[in-house]
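Being a predicted model, the structure only gives us computed values, none of them experimental. First listed ligand is number 1; within each ligand, the first listed atom is number 1. Along the sequence shown, residues carry numbers from 1. All heavy atoms count here, side chains included; hydrogens, waters and symmetry mates do not.
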Amino acid sequence: ETLLVTADRLINPGSERMVEDAAVLIEDGVIVASGPVSSVSAPEGAQTIALGAMTLLPGLIDMHTHLEGPSDKGRGYDRYQYAQDRATIWAVANAKKTLDAGFTTVRNVGGTFGMLSVRDAINEGEIPGPRLFVAGPPVGVTGSHCADDNYLPYDRPTTGEGVADGPWALRAKVRRNIKYGVDLIKTCSTGGVFSRGTVLGAPQSTLEELKAIVDEAHLRGLKVAVHAHGTQGIKNAIEAGADTIEHASILDREAIRMAVRNGTFLSMDIYNTEYTLAKGEELGIPEESMAKEREVGQVQRESFRNAVNAGAKVMLGTDAAIYPHGDNAKQLRVMTEFGMSPMQAIRAATIVPAEALGREGKLGCVTEGCHADLIAVSGNPLEDIQTLETVSFVMKDGEVVKGGQ
Ligand code: ARG
């Protein structure tokens, strides 16, 4: 099946070029040619989608979502009021919102095994949603942010599925996640904002434990995403061989240098601070978390600026669920306020994450051999990055999922 999509403009993040009067030729869901209309010859009888005064670009990628977490209910320990099945149902609804917002690929970094079914149902065309890379339950030590919960009564056991202590026990948890079919491993090497009884600057897990987690995942060909706010925990994660650092909030020069030297990707969620500070009280977020957000939000944005200036591989990862799903592109504006050009921000949401996922040349691109994941917006995102907050056309694997009539 051959399809020709045309529009007034096409942004190619790979070449950092804008093509005027552009066309993309698609065969069986894969791009076979793109460029100025005059250079792309469509075979006789190819179906055409003429978008006119719009800008086409590759579908966006968010490297840090939690589709099973809604932003309004089931937050914190409130989630104990709901079965995991309910979270899976939320994920189905949130997957559609995310895709409609122009995110054709997202990495779901930690949650339930139910997300594996959501991923598979999307892949088999049963429900709409982005292409998902799913971590399953976070792996981590007792009482650690993301893997476990603190301060619940000792006689009501609530140990997270991925909790273990010591290198071998943690390796076993990694193996268990892989056995059920996860795409990557998530762990947390420092405390976090939205957990009780954890400290942002305090490392979690020994270096030996972190290395065991990363090594075990790498043996099996999986990448590892490590949540880290504090500087020491970030350095530990890089030293252990993490592929991506999530949040990467408190970066000093040495941490940035280490990330650059090791090619470690930094997935920095610099939008959600605004949302939390504005809505926190209404949402009933505990004061412990509000205080940690106030402590880290602006610091993280300055870290972002420094990392971008130093040439680190910084990418879009929003932590959707903290704020409403579908608003993912709002982070792009903040990224341009803290040191990125619009083209850099677009690359950070396309070609850079594709590389971090090990899918360069397949995702986040508009050249021959790429999945036909395309979005279109009216206006020019290079002049106004916020045009990407209103996506009117979405195609995934050559199928139109929004707009296009
Ligand atoms: N999931 C993260 C945590 O609980 C969110 C951090 C959000 N705040 C921020 N400034 N990035 O730690």
Side-chain angles (χ1 to χ4, degrees), residues 62-71 74-79 106-111 135 137-140 143-151 160 162 186-205 225-234 237 244-251 266-280 283-307 314-325 327-328 330-335 337-338 348:
D62 188 337
M63 292 298 274
H64 193 125
T65 66
H66 298 281
L67 292 178
E68 67 276 65
S71 61
R75 292 183 83 118
Y77 294 165
D78 192 32
R79 73 179 184 284
V106 309
R107 202 172 59 150
N108 208 69
V109 280
V139 169
S144 61
H145 176 83
C146 90
D148 210 1
D149 286 319
N150 294 312
Y151 299 163
K186 165 83 181 290
T187 189
C188 291
S189 72
T190 73
V193 171
F194 291 101
S195 52
R196 289 181 63 188
T198 71
V199 177
L200 297 180
Q204 298 179 156
S205 336
V226 183
H227 153 118
H229 288 290
T231 316
Q232 190 55 52
I234 293 169
T244 69
I245 307 293
E246 309 304 307
H247 316 297
S249 306
I250 311 171
L251 292 168
L266 306 177
S267 158
M268 301 180 70
D269 55 330
I270 59 170
Y271 162 69
N272 61 46
T273 291
E274 281 170 16
Y275 186 84
T276 301
L277 295 182
K279 297 272 180 176
L283 291 166
I285 293 174
E287 178 48 31
E288 176 186 346
S289 295
M290 293 300 288
K292 287 194 268 192
E293 185 55 61
R294 286 191 290 269
E295 176 191 333
V296 86
Q298 290 313 315
V299 175
Q300 184 189 29
R301 290 166 174 208
E302 287 314 319
S303 290
F304 179 92
R305 190 195 296 284
N306 294 336
V314 180
M315 53 189 184
L316 180 128
T318 66
D319 218 344
I322 290 181
Y323 68 89
H325 295 274
D327 282 356
N328 313 55
K330 290 189 176 176
Q331 187 177 309
L332 294 165
R333 170 188 56 81
V334 187
M335 290 162 93
E337 281 167 13
F338 287 86

* Would you say the side chain of V109 lies within less than 4.5 Å of the side chain of M63, judging by non-hydrogen atoms? -> no
* Starting from the C-alpha separation in whole Å, work towards a yes-or-no answer on side-chain contact (heavy atoms from CB on, under 4.5 Å) for L266 and M315. => CA-CA 6 Å; L266 306 177; M315 53 189 184; over 6 Å; no
* Reported CD1-to-CG distance for the pair I245 and L251, which is rounded to 0.5 angstrom -> 9.0 Å
* To do: Give a yes or no on whether a salt bridge exists between E337 and R305, defined as a side-chain N under 4.0 angstrom from a carboxylate O.
  => no
Are any protein N/O atoms closer than 3.5 Å to the N/O atoms of ligand 1? If there are, list each pair with names and the distance to one decimal place.
from	atom 1	to	atom 2	distance (Å)
ligand 1	1 (N)	D319	OD2	2.7
ligand 1	4 (O)	V193	N	3.2
ligand 1	4 (O)	F194	N	2.9
ligand 1	8 (N)	N272	OD1	3.3
ligand 1	8 (N)	E293	OE1	2.6
ligand 1	10 (N)	T273	OG1	3.2
ligand 1	10 (N)	E293	OE2	2.9
ligand 1	10 (N)	Q300	OE1	3.1
ligand 1	11 (N)	D269	OD1	3.0
ligand 1	11 (N)	D269	OD2	2.8
ligand 1	11 (N)	Q300	OE1	3.0
ligand 1	12 (O)	V193	N	2.7
ligand 1	12 (O)	H229	NE2	2.7

* Asked: Parallel, tilted or perpendicular: which describes the rings of Y275 and Y323, with under 30° parallel and over 60° perpendicular?
  -> perpendicular
* To do: Please lay out, stage by stage, how H229 and I234 fare under the test side-chain contact (heavy atoms from CB on, under 4.5 Å).
  => CA-CA 7 Å; H229 288 290; I234 293 169; over 6 Å; no
